[in-house]
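Notes to accompany the following structure.
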Number of protein chains: 2
Amino acid sequence: MTVWERPARGARGPAPERSRAEVTAAAVALADESGLAAVTMRRVAGRLGTGPASLYRYVSSRDELIDLMADAMTGEIDLTAPLGGDPVEDLLALASQARALHLSHPWLLDVPPERLRLGPRGLDYLERALTAMAPAALPGHARLETVALLSGLAKLFARTELQAAQTSTERHAAQAGYLARAAAEGTRPLLAAALAESAASGLPEDLQALFERTARRVLAGLLTGDQK
Amino acid sequence: MTVWERPARGARGPAPERSRAEVTAAAVALADESGLAAVTMRRVAGRLGTGPASLYRYVSSRDELIDLMADAMTGEIDLTAPLGGDPVEDLLALASQARALHLSHPWLLDVPPERLRLGPRGLDYLERALTAMAPAALPGHARLETVALLSGLAKLFARTELQAAQTSTERHAAQAGYLARAAAEGTRPLLAAALAESAASGLPEDLQALFERTARRVLAGLLTGDQK
DNA sequence: TAAAAGCGCGAACAGCGATCGCAGTATCGG
DNA sequence: CCGATACTGCGATCGCTGTTCGCGCTTTTA
């Protein structure tokens, strides 16, 4: 049984001293401060002033806690703004919010996407995307795939953006060094050229704008072509 | 210093009893059989008939071992076939291979893509993609982003395909049940419709074909439009 | 009012990645 | 040719992880 259907508390015993929301909030705070790896049962419990074992009254595993965290973040996306009617633009607005969400909570990128982990807020997000897509003539599965693709795109851009932004950790510096040395080696001339050109132009433009332009093109391609 | 530049063995002492390639092969075999989580230092060592501590002579951390594994798999991609000259088709051929690779080694999807982890074979792959893209008129950073996007697309399709294929684990069944119940609830009508339609049509078509069609459209959109 | 169920949580377990230090061995500098 | 040096294999061990068990207590049910 999933967290979403399991009742928050039993009918019999004393009232729980905390709530799932509180536990989730503590975990999210921890992740915002120190990354997803810092979200250990012990640390979350410590922040709540209790022992690790107590958390298992609220959550059946760490994975489930992460599900709660992710769904809580999805809930931060605004689904109330009126739709314009153009599927491309409406979907783009949604995807931009998703990208912004990942930028402000980078640990979301570390949540393994393995088996789909949709909670109620995730489903609302999905429904909203389907609503925006309603005017387009597409088979059902294509609609779902479009949403998945768009989410992937938002994550991808958020990831590259965060990579560029972060002042280099130990590891990152080593990797960059190797990349530079490998490019300068002579083989792989096109890679060297692309890196050089990329470095020369710096961060040439607004990344949000770049994301929007790319997403618009991708969406246009996906929504217009009925077949072929 | 990265694995790729660190010498495989010191100049002084006795010859190592194993090689990086052997260690990597053992780890890959383990991952193929039982998933990435089964790749623990102890288990890899066990398979090699040695102790966990010995592995650290070949690899400085588990993460590094995973880097080796991923790059070894990338090396399985054939980069020797002649290019046709059409960037879209040539890139598509490359991406199809990447997708197939993820299908035959599903644990690749569990490798966290966090900080870029390109080894020599990964760089060769990248160079090949840039070669295929050479005819297109694009700024350097756009070329790199296109490759990243294409890789993400291949992973995305591989993931959904594997999800559909796997006979439900405990967790997967629970999730599916919740999804069905949440859709049947009345709110979220479009989600219900999309799921129903999707279930009705089963797996309607060749997923490879679907991937190719989608990738072609995305690539066409990315490579042709110079600006706007 | 007795039974049943739920709660908080101290203690403990198995498994993990990684480190330390030592005995043995191959190479280098003189 | 011979220390000195640097490297290898690896048993023992550390600190940390997610998770379980069981007990005392509290609340609800019958």
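Numbers restart at 1 for each chain; the letters A, B, ... are given by sequence-line order, proteins then strands.
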Spacing of [X] atom [atom1] relative to [N] atom [atom2], expressed in whole Å:
X: A:Leu48; N: C:dC9; atom1: CG; atom2: P; value: 10 Å
X: B:Leu55; N: C:dG17; atom1: CG; atom2: P; value: 10 Å
X: A:Met41; N: C:dG8; atom1: CE; atom2: C1'; value: 14 Å
X: B:Leu36; N: C:dG17; atom1: CG; atom2: P; value: 11 Å

Phosphate-side-chain proximity, B:Tyr58 and D:dG9, N/O vs OP1/OP2 below 4.0 Å: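 Result: yes.
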
With a 4.0 Å cutoff (strictly under), does any side-chain N or O of B:Thr40 reach OP1 or OP2 of C:dC16?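 For B:Thr40, the contact criterion (side-chain N or O under 4.0 Å from OP1 or OP2 of C:dC16) is met.
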
For B:Ser54, report the nucleic acid contact type (base, sugar-phosphate, nothing); a contact means any heavy atom under 4.0 Å. base

Remember a base hit wins even if backbone is also touched, and classify B:Val44 as base, sugar-phosphate or nothing at under 4.0 Å, heavy atoms.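 No contact at all - B:Val44 keeps every heavy atom at 4.0 Å or more from the nucleic acid.
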
Choosing from [options], which nucleotide comes nearest the side chain of [X]?
X: A:Pro14; options: C:dC9, D:dT27, C:dA18; value: D:dT27
X: A:Arg62; options: D:dG9, C:dG8, D:dT19; value: D:dT19
X: B:Tyr56; options: D:dA6, C:dA18, D:dT17; value: C:dA18
X: A:Arg12; options: D:dT5, D:dT27, D:dT20; value: D:dT27
X: A:Arg9; options: C:dC7, C:dA18, C:dT27; value: C:dC7
X: A:Arg57; options: D:dC10, D:dG22, D:dT17; value: D:dG22
X: A:Arg42; options: D:dG18, C:dA5, C:dC7; value: D:dG18
X: A:Pro52; options: C:dC9, D:dT19, C:dT25; value: D:dT19
X: B:Glu17; options: C:dG17, D:dG9, C:dC9; value: D:dG9

If you look at every heavy atom in B:Arg6 and B:Arg20, which pair is closest and at what distance? O-NH2, 3.2 Å

Which heavy atom of A:Leu149 sits nearest a heavy atom of B:Leu156, and at what distance? CA-CD2, 3.5 Å

Quick check on DNA chain C: between A:Ala15 and B:Ala11, whose nearest nucleotide comes earlier from the 5' end? A:Ala15

Nearest 0.5 Å, please: how far is CG in A:Leu210 from CD in A:Gln208?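 If we round to the nearest 0.5 Å, A:Gln208:CD and A:Leu210:CG are 9.5 Å apart.
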
Got B:Glu161 and B:Leu103 here, is their nearest side-chain heavy-atom distance under 4.5 Å?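 Yes - at least one pair of side-chain heavy atoms lies under 4.5 Å apart.
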
A side-chain contact here means heavy atoms from C-beta on lying under 4.5 Å apart; do B:Leu130 and A:Arg188 qualify? no

